[in-house]
Amino acid sequence: MKKEKITYEEAMAEIERIIERMEANNVNIDNLSVDLSRATKLIELCREKLNKTEADVDKILNNVKNNK
């Protein structure tokens, strides 16, 4: 599956728009499963980005700690 090129901020903004539509009961029932699927994919993408960033930060901090 091809990875989507979208920033964390863009993904979060889209998730928020989907949630706002749902909370306002402004979701076409025919598109509900599409919106939920999209939100699920965006959440997974955000998790991956957060996990990668956390690993990168840990690596940098460990390098700094080991070089003291």
From Lys49 atom NZ to Glu9 atom CD, the distance as rounded to the nearest 0.5 Å:
8.5 Å

Taking all heavy atoms of Cys46 and all of Ile15, pick out the closest pair and write down the distance.
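Smallest interatomic distance, heavy atoms only, reads SG-CD1, 4.2 Å.
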
Would you call [X] and [Y] a side-chain contact if the rule is heavy atoms closer than 4.5 Å?
X: Leu50; Y: Tyr8; result: yes
X: Leu36; Y: Ile18; result: no
X: Arg47; Y: Ile43; result: yes
X: Leu42; Y: Met12; result: no

Is it the case that one hydrophobic cluster holds both Ile19 and Leu45, taking links as side-chain heavy atoms less than 4.5 Å apart, direct or via other members?
yes

Which residues pass the side-chain hydrogen bond (donor to acceptor under 3.5 Å, both in side chains) test with Glu10, sequence neighbours left out?
Thr7

Residues which pass side-chain hydrogen bond (donor to acceptor under 3.5 Å, both in side chains) with Lys59, listed by chain and number, not counting sequence neighbours
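Per chain and number, Lys59 pairs via side-chain hydrogen bond (donor to acceptor under 3.5 Å, both in side chains) with no residue.
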
Contacts satisfying side-chain hydrogen bond (donor to acceptor under 3.5 Å, both in side chains) that involve residues 20-34 (not counting sequence neighbours) are Arg21-Asp35

